[in-house]
Structure formats: structure tokens, C-alpha cells
Amino acid sequence: MIRYKEIFLGGECNNSCLYCSAKHKASPQNDFASIATAINQKETDSIAFYGGEPTIRNDIVNILHTARVNGYRRIKLFTNGRVFSDMHSLQRIIHAGCSLFEIKLWASNPPLYDHITQVNGSFWETIQGLENLSQHAQDKFVCIHIPLCRENFADLENTVTTALNFGINRIILSIQDYSVSFRSLLPHIANAINISIFNRVWIITEGIPFCIMRGLEPHIGELLSGLTGIYERTFSHHNQCMHCIFRELCPGTETRYLTQFGEQEFAPVTSSKYLEDLRALYV
Amino acid sequence: MSKKKVILLSFNWANHFSLALGYLKSYALKDSFIRDTADIEIIDFDTEMLNVQQVVYYLAQFRPDLIGFSCYCWNISKVLDTARIIKTIYPEIKIVLGGPEAGPIGEKYLRENPYIDFVVKGEGEITFSELLKWHAGEGRLEDIHGITFRHNGQIQANPDRSPIENLGEIPSPYLEGILAPRDKVTYIETYRGCMFKCHYCFEGKNIPRLRFFPEDRVRREIELVMSHPEIRSFHFVDTVFNCRKEYLRKTVEMISRANRHGAELRTVEIIAEFVDEETIALFKQANIKSIETGPQTVHKDTLQNVNRYFNEEKFRNAVRLLEANGIEVTSDLIIGLPGDNFFKFAKSVKTIMDMHPSNIVFSILHVLPGTVLYEKSEGFGLKFDDKAPHLVLSAPDFPYEDIDKAVIMAYSLDKEYNIRPLSAGV
């Protein structure tokens, strides 16, 4: 719900994730001067930096400090958290003014995690980073972003349980791989929501059509935050959507998903007690 | 005859002290019979720092004849534990409860807790004084309005006591030296009642109009508090600080004249819709650094259900004006109001976040004794926990599961929205 000014720092990363596009990986690092110019154009009091991996830049402390001196109240990093395994680096980043973190967590175990990131040892570094972050005394907001793909969806409940060990403030489940069906994903997502809510941590989804999320509507991230975000998506409606009361609100599904699975899983929603309230929320 | 030992006890948060108990003592000591027959001591315990055993130990050393407890929804559990243990050890000690949690439902508290002797309903100054006189041998219980008590094994509720018409009859606990002003936790009350009659609040209910303390007494209280160089900030407990422009002008004049040490006013409760350029100038003159205001929800039907006023355009304009002038705005939203549901609550959050107040406070509806929502909960379709703090459990369009999820979402948004950046000096 909070609007962040989002600044891309460049594609360089210390992971090489299976689901990161070659184009994204090849994006050059933006220079400090252009980043500083973007920071100086203050449109809101919240700013987020993403990459690639922002924390591997030599000038990340300067970037964060620039945001701080420009008066941004909320300074957020999208990160894999590996650099935070070194407490000294984490300390510098926090002291530069960063207090909000969105950390990607692919899996609950080293083999699966390292397979997806294609970097041996990355799991333990991220886990140590989360541990260090949870131990740090500074007031902070930590969100765990769990991208879902064919390799990790069966591990989702374990991944959520792992994340909950670190005193986090939110979990986001987002679809990263459209070669796994919603039918396969949904039971795991429903379990993950139950685990997280039971542990009193807010959890939302991204990239799942509303009709698939029936009964779980409060957790549809797009309803609360709209379709903005740093992840590239190309949604489209399909024939079933034409009869759905949510067609004006729901972006549909990823085009790649329809190509892979067709429309069989989708059933138009024909009634909802909360339609007007949802519409009012979304507009 | 030795004097009766009377303790007025309050469990407070964060080193605060009870203004209400100060009023009880200052009013009681006006009476020469009470002065001759009772020693009254106020004890403020920090509800977080001390456990019940420590409090009982303290009371056991003092061995009072009567203990009066100030009861709120957030301290009643400790009050009852303390009273039960004390009464078990010393059955002769009289236990009196008062305050907004116990007063409106005195019969219930007496019925469920046999160790309680009296519950004072409504404004307690006169009622408690009459009770002290009875305790020292003067008067009859049947004649004391505003008490509920046990009589021949039955619970008896005497007629209600009317609100005190002339608040000047209550001596100032500050000016009488009963309460000593302290930094950050000193409260001044300039009037009682509320111009609004919101159904979730007891402040304005059953009291037709605002009653003001005498202007000169308020002036002297402000001067006393602000004469202490160590008091850097203090508070007004008035329900709506800017209820009337003329009154605001007078109060601000008193504050600015007395403010020789640059003290600040924080968390002043206001009605945002009344804020205009002149109000801002007055707030700045009074050195108000932060205010707190509604709207609790932004939905017309819900607002109508709870009898609350909200004008979105005026509210938005007020937040903009206040923040632009360096006065931090804290905006309050309530989860679980009748008429709201999960998505309507989310819409309220979005609407308020879009106005960019410094802070947003999320709270779950407390269906408090003495409020319209409590008395007509069935009509509103509200289910709530009978035990304090009386949290709402479900409303017609807000089932328990959704209220719980809204609360969890609010925890998360609270952390993200209200986060404080690292201080400049670090």
C-alpha cells in the first residue's frame, strides 16, 4: 500500500538464479551520478533499490546515505541477503539509513536453494544474513519474498516455516515460473497462508488470478497494492474472464501460463458479497 | 481514635500517574471530617514492571483499611488479582473499584467477584468522599448515589449520581500539592465530556454538554506545570482540544504566556476537520508538536453506525496543513467496527496512507462498558469478549477469521509505515 520510488541499480548479482532472465543479468550497473540524480527527484517519502544485487556494489553505502540525506523516511533494499552474513557489512548498510528489507528466499534447504541460485553456499549465507538481521537492534521491517517455481513449490511450507524463525514482518509468495500449474500450487499456498497466519505474520500472493484465490481474497497482493512492482509480468485475460465479476480488477494470468496450460483451471467468479468493497479498494 | 488508612491504587503504563486518583484525594480532603478520620495515600504502580506479588507485599506492609482501585480495561486483570489476594489475607479491608471499566457494570463485577465490596459508577469525587465518610461512621450507604454494593447478601445498585455541574468544586490536585508534575507524564484537564457521541466511546455519553474547569484554575495549573524547567513536554486529556475556536485561543494564550522553558505539547487529541490556518497558528503558538485524530474508518455507513463525524476532504486538508507546518499527525483506525469488513478496513488504510500522516495507529475495537456499542451490541450484531479488554470477536460482515487477519495485516503495515529512520546523530 505504500508507494515506493523504485530505482534499478543494475543487473550484476552474486547469484545466478535459474529464473533470472539473461536480459536482466546483462543489464549494466548504473553509475552513482545517475542514481543520485534519480534519488534527488523526490516524489514520495519512500524509496526502494533493486538489482541485480544492490548490496554487492561498492557504493551501496553512499547510495543509501544519499537517500537518507534527501529525507526519505523509508529506505528499502530488495536483496538476497547474502552480504548480511557479514555483520560488519550489515551494520554499514543499516547505519547508512536502510531500515526496510525484502529478502528473497528460494527454499528451506541448501541443495535446493543452491541449485536454484546456482551458487554453492548461498543458502547458508542468506540464512546467516537473516539471523544477523534478526539480531540487529535497529528498528526495521523485514519481508521475505518466496518466488515459486517448479523446483521449490513442494518445499513451500518448509520455506515459510524457515522464514518465520527470523522475526519477520511479512511474506510475499510470487509466481516466478509459469510451467507449474495453479492446481499443483494452490494446496501449498493455502498451507503456507495457514502456517504464516497461525504464526501472526502477514502473507500475500502476487501473480495469481483472483478466481484461483477464491476464499483467500484478503491475501491477494494486487488488491492491496495494485499491479505496481519491480517484476516483469505480462498478464492477459482469457475467455473465462469475460464472465467473471472480477474482470475489471483482476489482471488475468500470465500469457506464458495460458500458452502452457490453457484455460481449463479458470472458472469465472459470478458472485461476491464484497465486490463493491473490492472495487473501491482497487480503484 | 486512629485514622483510617486509605489507599488509592492505580496500575499504569510507562511511568504514568493517575490524574483521576488525584481528583479523588483533593476532593475528599476538602471535607474536615475526612481529614480528621482518614489518611489517604495514592500509589501508582507500573503495570509492566511490577507483578501482583510485589504489589501485595507493599500493601501488606501498609495494612490499609480501604483500597480504592482505578479500573480500566487494560489494568482490570491485575486489579482483580490484587484485590482477591488482599481480601483473602485481610478480609477486613474494604475493596472499592471505580473507573470506566468497573463503574458501568458494577453489578456484574460484584456478582462475579465476591471479594469486591463497592463499585463507584460515573464521576467518583463526591461518591468516594461520601463512601469514606460512611466508612468512618457518618451517613448511610443507602443514601450514597452512584454506588453498587452488597446488602444482606444481595447486590444493590443505588441511583446514579449526576455529573458534577461545577467542576470548580474539585480542587486541583496539582495546586493542592497532591500530584507533582513530571516530565512527559503530566496531564491537564480543562473540561469534561465530549462534543461528539461516538458509540464506541463513553466520554460523551449521557452527558448533555461540556463542563469546563474555571479558567483561572486552568491558568494556574498550566503555569505551575510549565514553571518546572525539567518538564519538556506534557499533555492535555481533553477529548477534543480544538473543540471551540474561542476556547482554543484562550488556552493557547495561557500556554504561550506560561511557557518560559520551551515545553512542548504532544499527542493532543483534536478533530482534524476543524483545523484551519488560524488553528495551525494557534497550535504553533502553543508549541504543539504532535496531534492525534481519527477518523477510525472512512466509510459512511460505518461512520453512521457508530455516530462519528468524518469529512474526507477537510480531514485530508488538515493532515496536509499540520504536517506542512511541522506538527506530526497520528491518525487512528479501528478494526472491527459494525459496518466494516476486511476490504473496507483495507480501503480505510489506503485512504489514510494516501494522506501521509506521520503515523497511523491501528487498534481493534474494544466494546467498552458504558458505551452504546456495549449496551446495544446485539442490535449491532457484535460479538465481543466479555472479559476485559472486551475485544470485538465478530461483526455482521466481519467474521472472526477476517478480523484476525486484519489485525495481522495491521501489525505488518504498522511496522512498515510507522518505521522511524535512524536518528541524524547516528
Side-chain angles (χ1 to χ4, degrees), chain A residues 1-4 44-46 64-65 67-69 71-76 94-100 102 138-143 167-172 193 196-204 215-220 223-226 272-283, chain B residues 297-302 312 319-320 323-324 326 328 333 335 339-360 362 364 396-426:
Chain A
M1 288 187 183
I2 299 169
R3 197 167 66 84
Y4 288 85
T44 173
D45 60 355
S46 307
L64 296 169
H65 182 73
R68 184 179 164 196
V69 296
Y72 287 94
R73 173 173 177 179
R74 299 174 200 86
I75 303 172
K76 185 195 255 188
I94 287 178
H95 275 203
C98 184
S99 51
L100 300 101
E102 185 166 322
Q138 169 65 24
D139 189 26
K140 59 199 172 295
F141 172 85
V142 180
C143 172
I168 59 169
N169 307 106
R170 190 177 301 160
I171 292 174
I172 298 174
I193 288 173
S196 192
I197 294 299
F198 180 78
N199 284 279
R200 323 304 287 167
V201 172
W202 185 235
I203 180 167
I204 53 174
L216 298 169
E217 288 90 344
H219 302 281
I220 300 174
L223 273 174
L224 304 170
S225 304
S272 169
K273 188 175 173 182
Y274 301 120
L275 178 61
E276 288 311 311
D277 300 325
L278 289 169
R279 186 171 281 150
L281 178 59
Y282 194 71
V283 172
Chain B
T297 177
V298 301
H299 300 284
K300 275 185 186 170
D301 51 347
T302 309
E312 186 172 331
V319 173
R320 186 186 57 75
E323 292 284 353
E328 282 191 5
L333 291 172
I335 300 165
D340 268 4
N341 58 41
F342 180 90
F343 302 105
K344 287 168 88 171
F345 169 67
K347 175 68 179 176
S348 293
V349 176
K350 264 184 116 166
T351 304
I352 297 303
M353 280 189 178
D354 186 49
M355 297 181 192
H356 303 291
S358 286
N359 304 291
I360 303 176
F362 304 96
I364 184 167
D397 289 324
F398 222 152
Y400 176 77
E401 191 187 13
D402 283 2
I403 288 179
D404 199 37
K405 286 187 175 181
V407 169
I408 296 168
M409 178 176 74
Y411 291 154
S412 178
L413 292 170
D414 175 33
K415 193 73 181 168
E416 184 181 17
Y417 188 87
N418 294 326
I419 201 153
R420 289 280 163 192
L422 209 62
S423 59
V426 178

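Note that the structure is a prediction, hence the values are computed from the model and not measured. Letters A, B, ... are given to chains in the order of the sequence lines, protein chains preceding strands, and every chain is numbered from 1.
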Does the side chain of B/Lys350 reach to within under 4.5 Å of the side chain of A/Leu281, using non-hydrogen atoms? yes

Chain B interface, residue from A/Arg3, A/Arg200, A/Glu217, A/Lys140 that has the most non-hydrogen pairs under 4.5 Å: A/Arg200

Top contributor to chain A contacts, counting heavy-atom pairs under 4.5 Å, from B/Glu416, B/Met353, B/Lys415, B/Met409: B/Glu416

Given the options B/Asp414, B/Asp397, B/Asp402, which has more heavy-atom pairs under 4.5 Å with chain A than any of the others? B/Asp397

Cation over ring face, A/Arg279 and B/Phe343, 6.0 Å, 45°: no

Where on A/Val201 is there a heavy atom nearer than 4.5 Å to chain B: the side chain, the backbone, both, or neither? backbone

Below 4.5 Å from any heavy atom of chain A, which atoms of B/Phe342 appear? Answer side chain, backbone, both or neither. side chain

Measure the CZ-NE2 distance between A/Arg68 and A/His95 for me, rounded to the nearest 0.5 Å. 8.5 Å

Report which part of A/Leu100 has an atom under 4.5 Å of a heavy atom belonging to chain B: side chain, backbone, both, or neither. side chain

Counting heavy-atom pairs closer than 4.5 Å to chain A, which one of B/Lys344, B/His299, B/His356 comes out on top? B/Lys344

B/Phe398: which residues meet the ring-ring contact (aromatic ring centres under 6.0 Å, His included) condition with it, sequence neighbours left out? none

What residues, two or more places apart in sequence or in another chain, satisfy side-chain contact (heavy atoms from CB on, under 4.5 Å) together with B/Ser412? A/Phe141, A/Arg170, A/Trp202

If the threshold is 4.0 Å, N to carboxylate O, is there a salt bridge linking B/Glu323 and A/Arg73? no

